[in-house]
Participant: 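Structure below; questions to follow.
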Amino acid sequence: MIDRLFTDMPARIERLPRDARGFPIPKFVHTRDGLPDFRLVKPGWVSDCYRRKLCWLCGDTMGRHKSFVIGPMCCINRVSSEPPSHYTCARFAAKNCPFLTQPMAKRNERDLPKDRHVAGQMIDRNPGVCAIWTTDSYHRMDVHNGVLFQIGDPTEVEFYAKARRATREEVDVSIATGFPLLEKAAELDGSAGLKELNKMRRDFEKILDAKVPA
């Protein structure tokens, strides 16, 4: 195993086991053929987190504040396929996860189980920017292919790119390149769907203006 050093690892994450690269293995990770597969979620973990109020990443009990690590499109529609984490755990992920910190990184789909699925409609892209959306409220939504979470109003929002705070330009580029994908999905609901989506975008941009001024 590589003895990888992290300067910003919270104690809750430091207690987790490590993989061969030296990366901590989050609690959600499924073990396949004796090895952790970061692309797969451990069966039942989503429900356990929601029911027992556990952190998605470290597995410890959550407090009042819940932090979601999401892309800008999820900031617009306020939907996440993953339960929340402690803020410190979420920040560690935003600054150290290879997929989140490398804008050109692509999801590795090789040898994934054929019956694997993600709840809702997944946007298959690397947004280049992620947000830590901290809120006091969220609720579970049962959808046709699993469970999603509707995220409440934020108490705080931070944006990260390349293991550091994101610039406003980086966030704007991510929105501009990702929003057409949301529009395409909203078109299925006709003009009403597009109208609602555009309202969501305006609401989010008000938050963005306050948190990351142009």
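Residues take their numbers from the sequence shown, with the count starting at 1.
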Participant: Can you name the salt bridge (charged side-chain N to carboxylate O under 4.0 Å, His left out) partners of R52, sequence neighbours left out?
Facilitator: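 With neighbours one apart ignored, the set is empty.
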
Participant: Any side-chain to backbone donor/acceptor pair from N126 onto F99? Under 3.5 Å, distance only.
Facilitator: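 Indeed, once roles are kept as given, a pair shorter than 3.5 Å links the two residues.
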
Participant: With a 3.5 Å distance limit and no angle check, can you tell me whether D33 reaches the backbone of L35 through a side-chain donor-acceptor pair?
Facilitator: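 Between the backbone of L35 and the side chain of D33 there is no qualifying donor-acceptor contact (under 3.5 Å).
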
Participant: The criterion is salt bridge (charged side-chain N to carboxylate O under 4.0 Å, His left out); which residues satisfy it with R78, sequence neighbours excluded?
Facilitator: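 With sequence neighbours excluded, R78 shows a salt bridge (charged side-chain N to carboxylate O under 4.0 Å, His left out) to D153, given in chain and number order.
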
Participant: Return each pair, listed once, that meets ring pair (Phe, Tyr, Trp, His ring centres under 6.0 Å) where at least one residue sits in residues 72-97; pairs must be two or more places apart or across chains.
Facilitator: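 Residue pairs passing ring pair (Phe, Tyr, Trp, His ring centres under 6.0 Å), neighbours aside: F6-F92.
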
Participant: Same cluster or not: V79 versus L194, using hydrophobic residues (I, L, V, M, F, W, Y) connected whenever any side-chain heavy atoms lie under 4.5 Å apart?
Facilitator: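 V79 does not cluster with L194.
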
Participant: Enumerate, atom names and distances included, each donor-acceptor pair closer than 3.5 Å involving a side-chain atom of residues 206-214, sequence neighbours excluded.
Facilitator:
residue : atom : partner : partner atom : Å
D209    : OD1  : R168    : NH1          : 3.0
D209    : OD1  : R168    : NH2          : 2.9

Participant: Using side-chain heavy atoms (C-beta onward) and a distance below 4.5 Å, is V29 in contact with R39?
Facilitator: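 Counting from C-beta outward, V29 and R39 never come under 4.5 Å.
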
Participant: Output, in order, the C-alpha distance, side-chain angles, deciding distance and verdict of salt bridge (charged side-chain N to carboxylate O under 4.0 Å, His left out) for E170 and R164.
Facilitator: CA-CA 12 Å; E170 288 171 325; R164 51 153 173 80; 2.7 Å; yes

Participant: For residues C130 and L100, report the shortest heavy-atom separation together with the two atoms involved.
Facilitator: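 Heavy atoms only, the tightest pair is CB-CD2, 4.1 Å.
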
Participant: Supply the atom-to-atom distance D203 CG to C75 SG, rounded to the nearest 0.5 angstrom.
Facilitator: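 With rounding to 0.5 Å, CG (D203) is 13.0 Å from SG (C75).
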
Participant: Check R202, K195, M200 against N198 for a side chain to side chain contact (heavy atoms under 4.5 Å, CB included) and give me the one that passes.
Facilitator: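 The side chain to side chain contact (heavy atoms under 4.5 Å, CB included) with N198 is passed solely by R202 among R202, K195, M200.
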
Participant: F68: which residues meet the ring pair (Phe, Tyr, Trp, His ring centres under 6.0 Å) condition with it, sequence neighbours left out?
Facilitator: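 Scan of F68 (ring pair (Phe, Tyr, Trp, His ring centres under 6.0 Å), adjacent residues dropped) gives Y138.
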
Participant: Among residues at least two apart in sequence or on other chains, which ones pass side-chain hydrogen bond (donor to acceptor under 3.5 Å, both in side chains) with T88?
Facilitator: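 By the side-chain hydrogen bond (donor to acceptor under 3.5 Å, both in side chains) rule, T88 matches no residue at all.
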
Participant: Would you check if E14 and P24 make a side-chain contact, meaning some heavy-atom pair closer than 4.5 Å?
Facilitator: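 Result no, sub-4.5 Å side-chain heavy-atom pair not found.
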
Participant: Take T101 and N96 through the side-chain contact (heavy atoms from CB on, under 4.5 Å) test and state the conclusion after the steps.
Facilitator: CA-CA 6 Å; T101 58; N96 293 282; 5.6 Å; no

Participant: Please report the interatomic distance CZ(F38) to CD1(I25), rounded to the nearest 0.5 Å.
Facilitator: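 Answer for the CZ-CD1 pair, F38 versus I25, is 5.0 Å.
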
Participant: Would you say I70 and I132 are hydrophobically clustered, going by side-chain heavy atoms of ILVMFWY under 4.5 Å?
Facilitator: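 No.
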
Participant: Excluding sequence neighbours, so at least two apart, what forms salt bridge (charged side-chain N to carboxylate O under 4.0 Å, His left out) with D142?
Facilitator: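 D142 satisfies salt bridge (charged side-chain N to carboxylate O under 4.0 Å, His left out) with R140 once adjacent residues are dropped.
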
Participant: side-chain hydrogen bond (donor to acceptor under 3.5 Å, both in side chains) between T134 and S67: does it pass, once the steps are laid out?
Facilitator: CA-CA 4 Å; T134 302; S67 294; 2.8 Å; yes

Participant: What distance do S137 atom OG and I151 atom CD1 have between them, rounded to the nearest 0.5 Å?
Facilitator: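 Result: 10.0 Å between the selected atoms.
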
Participant: Heavy-atom distance under 4.5 Å between the side chains of I175 and F204, does that happen here?
Facilitator: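 Heavy-atom side-chain distance check passes, below 4.5 Å.
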
Participant: What residues, two or more places apart in sequence or in another chain, satisfy salt bridge (charged side-chain N to carboxylate O under 4.0 Å, His left out) together with K95?
Facilitator: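 Only D8 meet the salt bridge (charged side-chain N to carboxylate O under 4.0 Å, His left out) criterion with K95.
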
Participant: Do NZ/NE/NH1/NH2 and the carboxylate oxygens of R201 and E196 come within less than 4.0 Å?
Facilitator: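 Not counted as a salt bridge, because no side-chain N and carboxylate O are separated by less than 4.0 Å.
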
Participant: Using side-chain hydrogen bond (donor to acceptor under 3.5 Å, both in side chains) as the criterion, list what pairs up with E82, not counting sequence neighbours.
Facilitator: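 With neighbours one apart ignored, the set is W56.
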
Participant: Within a 6.0 Å radius of atom CD on E169, are there more than 12 heavy atoms belonging to other residues, nucleotides or ligands?
Facilitator: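 Atom CD in E169 is not crowded, with 12 or fewer foreign heavy atoms closer than 6.0 Å.
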
Participant: Please enumerate all residues that pass side-chain hydrogen bond (donor to acceptor under 3.5 Å, both in side chains) together with H65, with sequence neighbours excluded.
Facilitator: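 For H65 the side-chain hydrogen bond (donor to acceptor under 3.5 Å, both in side chains) partners, ignoring immediate neighbours, are D136.
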
Participant: With a 4.5 Å heavy-atom cut-off, do V129 and Y160 have their side chains touching?
Facilitator: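 They are not in contact (no side-chain heavy atoms under 4.5 Å apart), so the answer is no.
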
Participant: Are any non-hydrogen side-chain atoms of K27 and L54 less than 4.5 angstrom apart?
Facilitator: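 They are not in side-chain contact.
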
Participant: Any carboxylate oxygen within less than 4.0 angstrom of a Lys/Arg side-chain nitrogen, looking at K42 and D48?
Facilitator: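 No salt bridge links K42 with D48.
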
Participant: Hey, is CZ on R64 packed in by over 12 heavy atoms from elsewhere, all under 6.0 Å?
Facilitator: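 No, CZ of R64 has 12 or fewer neighbouring heavy atoms, counting only those of other groups under 6.0 Å.
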
Participant: Nearest 0.5 Å, what's the NZ-CE distance between K53 and M62?
Facilitator: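 The NZ atom of K53 sits 10.5 Å away from the CE atom of M62.
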
Participant: Take V147 and M141 through the side-chain contact (heavy atoms from CB on, under 4.5 Å) test and state the conclusion after the steps.
Facilitator: CA-CA 6 Å; V147 173; M141 301 187 300; over 6 Å; no

Participant: If you round to the nearest 0.5 Å, how far is OG of S80 from NZ of K66?
Facilitator: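 Taking NZ in K66 and OG in S80, the distance rounds to 14.5 Å.
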
Participant: For S85, which residues count as a side-chain hydrogen bond (donor to acceptor under 3.5 Å, both in side chains) partner, sequence neighbours excluded?
Facilitator: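 For S85, no residue satisfies side-chain hydrogen bond (donor to acceptor under 3.5 Å, both in side chains) once neighbours in sequence are set aside.
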
Participant: Can you tell me how far apart CD1 (I76) and CG (L197) are? Round to the nearest 0.5 Å.
Facilitator: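 Rounded to the nearest 0.5 Å, the CD1-CG separation comes out at 7.0 Å.
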
Participant: Within the distance-only criterion (no hydrogens, no angle test), does the side chain of T31 pair as donor or acceptor with the backbone N or O of G34 below 3.5 angstrom?
Facilitator: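 Absent.
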
Participant: Show me the side-chain donor-acceptor pairs of residues 176-191 shorter than 3.5 Å, one per line, residues at least two apart or across chains.
Facilitator:
residue : atom : partner : partner atom : Å
T177    : OG1  : R125    : NH1          : 2.8
T177    : OG1  : V173    : O            : 2.9
T177    : OG1  : S174    : O            : 3.2

